[in-house]
Each structure stands twice: as structure tokens, then as C-alpha cells.
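Position 1 is the first residue of the sequence, and the numbers go up from there.
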Amino acid sequence: MMIANGQKPLHPVSLRRGLYLILTAPRDGYETLCRWAVEAGLPAVQLRYKGRDEREHLALAHALRRITKGSGTRFIVNDRPDIALVSQADGLHLGQNDLPAMEARRLIGSAMLLGLSTHNLQQVAAANDVPVDYIGFGPLFATNSKQQPDPVTGPDALKVVLAISRHPVVAIGGLDTALIRRLQPRPHNAAVIRAVSDAPDSLAAMREIHAACL
């Protein structure tokens, strides 16, 4: 990662390659899926809570922090720097309509990972000049994880992103094992929700998709 003035990164990138698991109301429960993610050796678990109960949100963050603490699985909070800070998460992930990355970095400090979602080449280029540790890019394929999803980029756009991004890239949007294996070159990570949470055996799905990412 390079920041706008050309200085060295604030801290070494510590997000390993592989499956970036996003948890959003999973069938088997947040804590169970998180335990399985640690067991499967995944590089990251993101808490993507879309409910309205702030106490439940914070309680979930504390629970996932306890499960991941001391493991190789980074715990990342989606959207909410306050929840990330209070729960002592490993990272914060922002969308394009969230707090600007530069302001978020000032708030969370230098030790926490910071990710940013991007959905087109202009946003990827703009992300090159902000102090983030990785970017998400997509959706590569159609997804129903959002009520109003961004336009599908297609996998060919990912090739351009990998060539121009100064940051590691997490591919997002409608991915499963077969689609991940088709991505050439491979992104640093692939993010999934339902390919794991809706699978008959979520732990087996984690392991299979993680292997496909490497």
C-alpha cells in the first residue's frame, strides 16, 4: 500500500490470501460460522450486521472478537468505526457512502486494517491515493446480498483492476467455487456470503472455497 504523499504504508498488510467470509444473518448463527472460519484457517471474517439493535450489534462484535482473538483469522467490522473500535476489531471495512477513508484512518489509528469497497475503475483509481490496506471490487456477478446492488462489472473488469490497483484486491459479488477458479489472474481474496452460509455443510464449503482462492 502507498499513500498519497508516497510514504511507506502505515503498517504491513496482514490480510492473508484466501476466502474473505462475510457474515450477514447466517442460517447457523454468527458465532458458529465464525468458529468454523477459525477452524478452517480463513484469513478474515467480516461482521455485516444489517439489523437495528445497536446492543445486539455490539454484542455480536464482542463475541466474534473473542472467537477470533489469538487466531490467524482477522475480525473486520463492516461500516461502523465505533463498533470496530469498541470491540477492538482487527479491521474496518467501508462502503462508498460511509465515512471517507482518510477520516476513518484518523479515527481508528494506524494499527487497524482498513478496507474500501469499489465498484468501477474510477473508484479504484481514487482508492490508490487513500490510506487503505485493501479494496473490494465488484460485484463481478449478479448477487442478491443487497436490496439495490451496484451494476455487475463482469470478471474482465477485475483484470484491469488488478493491473491498476496499488492495494490488494478482494473480489466480491455472486462468487462460488467454480466462478473463483475461473478468475485469472486470481485476486488476493474472494469474498462470499451465501456460498458458505446457505451451503448444506458450511464448514466444508469454507474449506473448498478457501482452497480455490489460493
Side-chain angles (χ1 to χ4, degrees), residues 15 19-38 40 42-68 73-101 103-104 107-108 112-120 123 127 132-153 170-176 179 189-200 202-203 205-206 209:
L15 181 64
L19 170 58
Y20 183 116
L21 180 63
I22 300 175
L23 299 181
T24 246
R27 178 195 62 212
D28 294 313
Y30 287 96
E31 293 179 51
T32 297
L33 267 290
C34 189
R35 289 191 188 95
W36 288 344
V38 172
L42 302 191
V45 168
Q46 183 192 116
L47 173 59
R48 182 177 178 266
Y49 177 80
K50 294 301 179 181
R52 297 183 178 180
D53 188 330
E54 295 294 286
R55 291 180 180 271
E56 180 183 39
H57 193 176
L58 182 57
L60 282 170
H62 280 306
L64 271 54
R65 170 71 292 178
R66 287 192 295 270
I67 293 167
T68 55
T73 301
R74 302 300 184 189
F75 170 50
I76 297 171
V77 171
N78 187 57
D79 292 347
R80 295 288 299 273
D82 55 341
I83 298 289
L85 284 166
V86 173
S87 66
Q88 299 183 332
D90 296 307
L92 169 69
H93 187 87
L94 300 172
Q96 287 290 317
N97 295 322
D98 294 327
L99 191 68
E103 299 300 324
L107 182 63
I108 65 175
M112 193 178 290
L113 287 169
L114 183 59
L116 176 66
S117 291
T118 62
H119 311 292
N120 56 54
Q123 292 172 359
V132 298
D133 297 291
Y134 68 91
I135 62 167
F137 179 75
L140 300 189
F141 302 96
T143 176
N144 58 1
S145 65
K146 293 184 177 181
Q147 292 183 347
Q148 296 180 319
D150 293 281
V152 171
T153 66
V170 179
I172 60 176
L175 293 167
D176 57 23
L179 291 174
N189 300 86
V192 306
I193 300 176
R194 288 182 171 80
V196 165
S197 63
D198 291 354
S202 292
L203 176 56
M206 287 181 202
I209 297 171

For [X], which residues count as a side-chain hydrogen bond (donor to acceptor under 3.5 Å, both in side chains) partner, sequence neighbours excluded?
X: Asp82; result: Arg80
X: Glu56; result: Tyr49
X: Asp98; result: none

Is the side chain of [X] donor-acceptor paired with the backbone N or O of [Y] at a distance under 3.5 Å, no angle test?
X: Thr68; Y: Phe75; answer: no
X: His62; Y: Ser87; answer: no
X: Thr118; Y: Gly136; answer: yes
X: Glu103; Y: Leu99; answer: no
X: Arg48; Y: Asp79; answer: no
X: Ser202; Y: Val196; answer: yes

Practice prompt. Applying side chain to side chain contact (heavy atoms under 4.5 Å, CB included), name anything that partners Ala40, two or more places apart in sequence or on another chain.
Written response: Leu42, Leu203, Met206, Arg207
State the [atom1]-[atom2] distance between [X] and [Y], to the nearest 0.5 angstrom.
X: Gln46; Y: Thr24; atom1: CD; atom2: OG1; result: 8.0 Å
X: Phe141; Y: Leu175; atom1: CZ; atom2: CG; result: 6.5 Å
X: Ile83; Y: Leu47; atom1: CD1; atom2: CG; result: 8.5 Å
X: Ile193; Y: Tyr20; atom1: CD1; atom2: OH; result: 10.5 Å
X: Leu92; Y: Ile76; atom1: CG; atom2: CD1; result: 9.0 Å

Worksheet item: What pairs with Tyr30 under ring pair (Phe, Tyr, Trp, His ring centres under 6.0 Å), at least two apart in sequence or on another chain?
Response: none
Item to complete: Give the C-alpha distance, both sets of side-chain angles, the deciding distance and a yes or no for side chain to side chain contact (heavy atoms under 4.5 Å, CB included) between Gln96 and Leu116.
Response: CA-CA 7 Å; Gln96 287 290 317; Leu116 176 66; 4.0 Å; yes
Ignoring hydrogens, what is the shortest heavy-atom contact between [X] and [Y]? Give both atom names and the distance.
X: Leu85; Y: Ile108; answer: CD2-CA, 4.0 Å
X: Val132; Y: Ala127; answer: CG2-O, 4.2 Å
X: Ala104; Y: Leu94; answer: CB-CD1, 3.6 Å
X: Cys34; Y: Ile67; answer: SG-CG2, 3.7 Å
X: Val170; Y: Ala190; answer: CG1-C, 4.3 Å
X: Pro43; Y: Leu15; answer: O-CD1, 4.0 Å

Worksheet entry | Heavy-atom side-chain contact between Leu23 and Val45 under 4.5 Å | yes
Worksheet item: So, do Val192 and Leu21 sit near enough that their side-chain heavy atoms are less than 4.5 Å apart?
Response: yes
Worksheet item: What do you reckon, is CG of Asn97 surrounded by more than 12 foreign heavy atoms closer than 6.0 Å?
Response: no
Worksheet item: Under 4.0 Å between a Lys/Arg side-chain N and an Asp/Glu carboxylate O for Arg74 and Asp133?
Response: no
Practice prompt. Check whether the side chains of Ser117 and His93 place a donor and an acceptor atom closer than 3.5 Å, and report yes or no.
Written response: yes
Worksheet item: Restricting to pairs with a member in residues 189-198, which pass side-chain hydrogen bond (donor to acceptor under 3.5 Å, both in side chains), not counting sequence neighbours?
Response: Asn144-Arg194
